[in-house]
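Remember, it's 1-based here, ligands and their atoms both numbered in the order they're listed.
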Amino acid sequence: MPKPPLLSDAERAALPATLPAWHSVPGRDAIRREFRFADFSQAWAFMARVALLAEKHDHHPDWRNVWNRVEIELSTHDAGGLSARDIALAKAIDALLA
Ligand code: H2B
């Protein structure tokens with residue numbers, strides 16, 4: 001895939017409205033969201049669904065799981081920062097829980 005452009009200032013300014021649950025990451029051009037579930041089994045089931053989404057998007061999260069908690073960070077490695085691919089994947093992840 002060709003290297004995607006980084007988000008414009010206008011696209012960045014729209015982020016709090018379009019992805020209110022996601023926050024910027026200090027020191028990295030990325031967005032992150034933390035999820036909490038009832039237990040590990042539910043967290044892992046969610047991760048399995050995100051993994052399938054990531055494959056479909058050919059775009060993969062940087063993430064961490066501690067028992068019932070899943071932390072997801074999105075950034076486009078190929079572009080060295082946030083691109084439309086991160087926004088698309090974040091929206092698709094949010095839609096899993098809607
Ligand atoms: N995921 C993320 N987060 N950033 C990328 O730049 C990226 C990816 N690139 N998944 C894709 C895969 C690339 O490495 C493959 C070759 O398409």
Would you say the side chain of Asp39 lies within less than 4.5 Å of the side chain of Gln42, judging by non-hydrogen atoms? yes
Among non-hydrogen protein atoms, atom 1 (N) of ligand 1 lies closest to His60 N, 3.0 Å
Are there more than 12 heavy atoms of other residues, nucleotides or ligands under 6.0 Å from atom CZ of Arg69? yes
Do protein heavy atoms approach atom 5 (C) of ligand 1 to less than 4.0 Å? yes
Using a 4.0 Å heavy-atom threshold (strictly under), name the region of Ser75 that reaches ligand 1: side chain, backbone, both or neither. backbone
Among non-hydrogen protein atoms, atom 17 (O) of ligand 1 lies closest to Asp58 OD2, 2.8 Å
Asp86 to ligand 1: N or O pair under 3.5 Å? no
Students should be able to answer this: which protein heavy-atom is nearest to atom 9 (N) of ligand 1, and at what distance? Asp78 OD2, 3.3 Å
Polar-atom distance check: Arg85 versus ligand 1, any N or O pair below 3.5 Å? no
Treating Ile, Leu, Val, Met, Phe, Trp and Tyr as nodes and any side-chain heavy-atom pair under 4.5 angstrom as an edge, say whether Val66 and Trp44 lie in one connected cluster. no
Parallel, tilted or perpendicular: which one describes the rings of Phe35 and Trp22, with boundaries at 30° and 60°? perpendicular
May I ask you to check whether Thr76 has an N/O atom sitting below 3.5 Å from an N/O atom of ligand 1? no
Atom CZ of residue position Arg49 - does it have more than 12 heavy atoms of other residues, nucleotides or ligands inside 6.0 Å? no
Is it true that atom CH2 of Trp63 has more than 12 heavy atoms of other residues, nucleotides or ligands lying nearer than 6.0 Å? yes
